[in-house]
Number of protein chains: 2
Amino acid sequence: MSTPAEGGRRADAVRNRRLALDAATALLAEPGSPLTVEAIARRAGLGAATVVRAFGGKDALLDAAVSGLLEPVVHRAGRLLEQDDQAQALRTFLTELIAFQSAHHAIGDQLDGLTLPATTALRDELVRVVREMIVGAQRDGTVRTDLDPAVTTALIGRTAYAVARSQPASPELTDAYLTVLMDGLRSPNG
Amino acid sequence: MSTPAEGGRRADAVRNRRLALDAATALLAEPGSPLTVEAIARRAGLGAATVVRAFGGKDALLDAAVSGLLEPVVHRAGRLLEQDDQAQALRTFLTELIAFQSAHHAIGDQLDGLTLPATTALRDELVRVVREMIVGAQRDGTVRTDLDPAVTTALIGRTAYAVARSQPASPELTDAYLTVLMDGLRSPNG
DNA sequence: ACTCAACTGGAACATGCATTTCAGTTACCG
DNA sequence: CGGTAACTGAAATGCATGTTCCAGTTGAGT
């Protein structure tokens with residue numbers, strides 16, 4: 001669909017494509033892993049050339065792996081949007097997002113300057129959902145209205161990412177972040 | 001003193017050392033610059049070998065350049081510590097720190113995983129000063145006491161860095177960050 | 001079974017980088 | 001001035017990585 005589809009491929013090619021994807025996904029969860037084509041190939045039990053060809057390049061492989069991990073997170077965020085208390089939904093979502101990013105440490109680590117179409121689309125969708133949460137919470141009166149929702153969303157995105165990158169992952173830091181953020185987002189005279 | 005000192009060096013060696021340092025410093029302020037030895041050498045009007053040898057390696061050169069930029073920032077933070085209102089001192093310092101990091105974009109960009117002795121020492125000093133500001137503000141009653149100062153310091157360090165990395169530098173984002181942070185750090189029932 | 005296009009992977013290649021080499025140059029001391 | 005050790009920088013080296021080549025292998029249609 002997005003990347004070379006399963007069309008008239010041979011069975012071994014399909015299987016190796018899956019192996020490469022699984023290996024890349026596994027390495028994304030291991031901090032300090034090289035995340036090179038060589039490492040992915042070794043993990044998958046394949047040659048480097050096969051790994052590269054399966055997706056048409058390393059970037060496309062990483063795009064598939066990262067977006068595969070990100071998709072359930074985005075889906076979960078959409079579900080939280082249906083909740084009554086949008087401020088609480090935002091807090092819950094951020095907690096889960098930070099846990100997710102901590103678990104898949106290399107996602108933000110190695111992929112900073114790349115252009116990955118599927119991943120970018122999911123990230124945009126995530127931004128959209130978070131902004132809706134903020135707007136909803138403003139409507140509820142639980143989040144201050146003197147800040148532009150778009151700016152607030154950018155603020156949350158950047159800082160949450162930074163907190164998740166703490167090494168090693170620190171529950172106290174995450175707690176402090178959520179506490180300060182949510183209190184700071186409350187109406188100033190409330 | 002730290003790196004090969006001026007000892008019995010020839011005049012041209014001393015001059016080229018300075019040229020290399022200035023070139024590296026200049027490149028740290030230019031977003032998107034390669035920051036390679038080649039680029040530094042071209043900027044300095046020297047050969048790559050000369051640039052490398054002047055400091056005994058690229059890392060040592062960057063350490064000298066970054067710590068040279070960071071030193072006045074640390075000094076300024078120490079001066080702010082003498083101010084009466086520590087919460088205000090913290091806010092002022094963060095404003096300046098973010099501006100500084102935005103101006104020298106590449107500092108955090110390219111130097112994430114390196115071990116630079118002088119730079120690390122200055123950063124530790126900076127952390128120490130910020131923690132003192134927080135403790136002082138807690139004593140003043142302007143910052144909540146239900147958070148560990150060390151954790152709060154880590155939180156501020158990570159998030160300020162993330163905000164400064166926004167591309168392009170956005171005054172609204174910095175404003176929103178400082179507003180939310182300082183309000184969130186106030187006593188919850190105040 | 002037979003065929004052959006698709007597929008594989010080790011090896012060669014390409015790229016971008018820091019560092020070292022070394023023949024030539026130059027600052028500095030006497 | 002010379003002599004010489006320090007210094008210079010273009011080129012060579014080393015290294016890590018992604019990508020491509022190609023001779024051999026294999027899945028799948030007949």
Side-chain angles (χ1 to χ4, degrees), chain A residues 3-24 27-28 30 32-66 106 109-117, chain B residues 3-24 27-28 30 32-66 106 109-117:
Chain A
T3 32
E6 190 165 333
R9 307 168 86 76
R10 253 168 53 173
D12 54 349
V14 173
R15 186 178 51 88
N16 288 342
R17 188 184 156 93
R18 173 65 52 95
L19 285 174
L21 183 59
D22 289 350
L27 285 181
L28 281 174
E30 294 178 9
S33 294
L35 202 58
T36 62
V37 169
E38 182 65 31
I40 296 170
R42 204 176 321 117
R43 166 72 72 117
L46 300 171
T50 304
V51 167
V52 168
R53 250 187 326 245
F55 285 81
K58 187 199 180 189
D59 289 2
L61 167 57
L62 290 182
D63 192 24
V66 173
D109 231 31
Q110 307 270 154
L111 274 52
D112 233 357
L114 300 186
T115 303
L116 309 178
Chain B
T3 32
E6 189 164 336
R9 308 167 86 77
R10 252 168 54 175
D12 53 349
V14 172
R15 186 178 51 89
N16 288 341
R17 189 185 155 92
R18 171 64 53 95
L19 284 174
L21 183 59
D22 289 351
L27 284 181
L28 281 174
E30 296 178 7
S33 293
L35 203 59
T36 62
V37 169
E38 182 65 30
I40 296 170
R42 205 176 320 118
R43 166 73 71 120
L46 300 171
T50 304
V51 167
V52 167
R53 253 186 325 245
F55 285 80
K58 187 199 181 188
D59 289 3
L61 168 57
L62 290 182
D63 192 24
V66 173
D109 231 30
Q110 307 270 153
L111 275 51
D112 233 356
L114 300 186
T115 303
L116 309 178

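So that the names make sense, note that chain A is the first sequence line, chain B the second, and so on, each numbered from 1.
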Just verifying a value: how many Å separate [X] [atom1] and [Y] [atom2], rounded to the nearest 0.5 Å?
X: Arg17(B); Y: Leu61(B); atom1: CZ; atom2: CG; answer: 9.0 Å
X: Leu21(B); Y: Leu62(B); atom1: CG; atom2: CG; answer: 10.0 Å
X: Asn16(B); Y: Leu46(B); atom1: CG; atom2: CG; answer: 4.5 Å

Please report, rounded to the nearest Å, how far the [atom2] atom of [N] is from the [atom1] atom of [X].
X: Arg17(A); N: dT8(C); atom1: CZ; atom2: P; value: 12 Å
X: Leu46(A); N: dA11(C); atom1: CG; atom2: C1'; value: 17 Å
X: Leu19(A); N: dG9(C); atom1: CG; atom2: C1'; value: 15 Å
X: Arg42(A); N: dT8(C); atom1: CZ; atom2: P; value: 19 Å

| query | Got Arg15(B) and Leu19(B) here, is their nearest side-chain heavy-atom distance under 4.5 Å? | reply | yes
| request: List in chain and number order the residues that pass side-chain contact (heavy atoms from CB on, under 4.5 Å) with Ala41(B), two or more places apart in sequence or in another chain; answer none if no residue qualifies. | output: Ala48(B), Val51(B)
| Inter- and intrachain pairs under salt bridge (Lys or Arg N to Asp or Glu O under 4.0 Å), touching residues 57-66 of chain B, at least two apart | none
| Quick one: side-chain hydrogen bond (donor to acceptor under 3.5 Å, both in side chains) partners of Arg10(A), sequence neighbours excluded? |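 Partners of Arg10(A) under the side-chain hydrogen bond (donor to acceptor under 3.5 Å, both in side chains) test: Asp12(A).
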| query | Looking at Asn16(A), does any N or O in its side chain come under 4.0 Å of the phosphate oxygens OP1/OP2 on dC7(C)? | reply | no
Protein and nucleotides 17-24 of chain D: nitrogen or oxygen contacts under 3.5 angstrom:
unit_1  : atom_1 : unit_2   : atom_2 : d
dG18(D) : OP1    : Lys58(A) : NZ     : 2.4
dG18(D) : OP2    : Val37(A) : N      : 2.9
dT19(D) : OP2    : Lys58(A) : N      : 3.0

Using nucleotides 26-29 of chain D, report all nitrogen or oxygen pairs with the protein that are shorter than 3.5 Å.
unit_1  : atom_1 : unit_2   : atom_2 : d
dT26(D) : O2     : Arg10(A) : NH1    : 3.0
dG27(D) : O4'    : Arg10(A) : NE     : 3.3
dA28(D) : OP1    : Ala11(A) : N      : 3.0

| query | Among pairs that include at least one residue of residues 32-44 of chain A, which meet side-chain hydrogen bond (donor to acceptor under 3.5 Å, both in side chains), considering only residues two or more places apart or in two chains? | reply | Glu30(A)-Ser33(A), Glu30(A)-Arg43(A)
